Amino acid sequence: PHHILRLWPLTVLGIGLGLCAVPLVVRGLRWLGALFIPGVIVSYTGAILLFTSVTGWWDARSWLWPQEVLAVALGFLGAMLYTRSVWFGIPAILIGVNGVVFQLCAWTGLWEAWALIWPVEPLAVGLVLLLIGAKTHSHPIPSFSQWRRRRACRPRCGSRGREVPS
């Protein structure tokens with residue numbers, strides 16, 4: 001009976017999994033995919049608490065804490081995939097990169113490596129913008145011929161580049 005008390009984190013884990021199950025059970029409402037964000041975070045927290053509670057190794061949280069950061073990123077990734085909104089990819093990649101770097105530093109203890117790894121952050125931003133551009137098929141920087149065509153058409157054309165009838 002005393003060992004059953006160690007399973008209290010199953011409550012936390014169940015709440016998190018329940019939040020993740022809602023979008024999968026209720027079909028057709030894409031906005032419910034946003035529930036993956038809190039659902040994954042609470043599930044990760046419950047899983048870590050269950051591990052530390054069952055094993056009695058509470059110090060494991062000192063090197064498992066970056067998993068919480070990765071859980072936030074996975075929540076945004078799940079929301080992005082379910083809602084089909086590429087904009088959830090921005091926080092997913094940025095937070096995910098931070099989580100991976102934090103986890104590597106927590107495992108190795110080489111926190112001074114952060115000084116060398118920080119340039120990954122702007123690269124992650126660039127990667128996100130490239131992915132969004134590829135997904136939305138947008139071309140943020142027009143080619144020279146497109147620019148010239150738009151410029152030449154401006155006086156006699158409407159806002160969308162089509163000729164205005166006279």
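Remember, predicted model here, so these are calculated numbers, not experimental data.
- To the nearest 0.5 angstrom, L81 atom CG is 8.0 Å from T83 atom OG1.
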What do the steps show when you test F36 against I41 for side chain to side chain contact (heavy atoms under 4.5 Å, CB included), and what is the final call? CA-CA 8 Å; F36 281 116; I41 296 167; over 6 Å; no

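- Between W65 and the options Y44, F102, W107, a ring pair (Phe, Tyr, Trp, His ring centres under 6.0 Å) holds for only F102.
- Side-chain heavy atoms closer than 4.5 Å link hydrophobic residues (I, L, V, M, F, W, Y) into clusters, and following such links, possibly through other members, connects W87 to L129.
- Note: E68 CD to R61 CZ = 5.5 Å, rounded to the nearest 0.5 Å.
- G39 and L19 make their closest contact through CA-CB, 3.6 Å (heavy atoms, listed as atom of the first residue, atom of the second, distance).
- Put simply, the side chain of S43 reaches to within 4.5 Å of the side chain of L13, judged on heavy atoms.
- For W57 and W63, the distance between ring centers is under 6.0 angstrom.
- Grouping the Ile, Leu, Val, Met, Phe, Trp and Tyr side chains by contacts below 4.5 angstrom, directly or via other members, places V120 with W111.
- One finds the CG atom of L77 at 11.5 Å from the CD1 atom of I95 (value rounded to the nearest 0.5 Å).
- Clustering ILVMFWY residues whenever any of their side-chain heavy atoms sit less than 4.5 angstrom apart, transitively, puts L74 in the very cluster that holds L127.
- Of all heavy-atom pairs between G99 and P66, the closest is O-CB, 4.0 Å.
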In sequence, state the C-alpha distance, the side-chain angles, and the governing distance for V40 and C20, and then conclude on side chain to side chain contact (heavy atoms under 4.5 Å, CB included). CA-CA 7 Å; V40 173; C20 289; 3.9 Å; yes

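- When atom types are taken as modelled, the side chain of S53 and the backbone of R6 share a donor-acceptor pair closer than 3.5 angstrom.
- With R30 contributing its side chain and Y82 its backbone, the two residues share a donor-acceptor pair below 3.5 Å.
- The OG1 atom of T45 lies 12.5 Å from the CG atom of L50; values are rounded to the nearest 0.5 Å.
- In this structure, CD1 on I93 lies 12.0 Å from CG on L123, to the nearest 0.5 angstrom.
- For the pair Q103/V69, no side-chain contact is recorded, criterion being any heavy-atom separation below 4.5 Å from C-beta on.
- Two different hydrophobic clusters hold I48 and W8 under the rule that ILVMFWY side chains link at heavy-atom gaps under 4.5 Å.
- Here the CG atom belonging to L64 is positioned 11.5 Å from the CH2 atom belonging to W58, to the nearest 0.5 angstrom.
- Under a hydrophobic-cluster definition in which Ile, Leu, Val, Met, Phe, Trp and Tyr are linked whenever side-chain heavy atoms come within less than 4.5 Å, directly or via other members, M80 and V72 are assigned to the same cluster.
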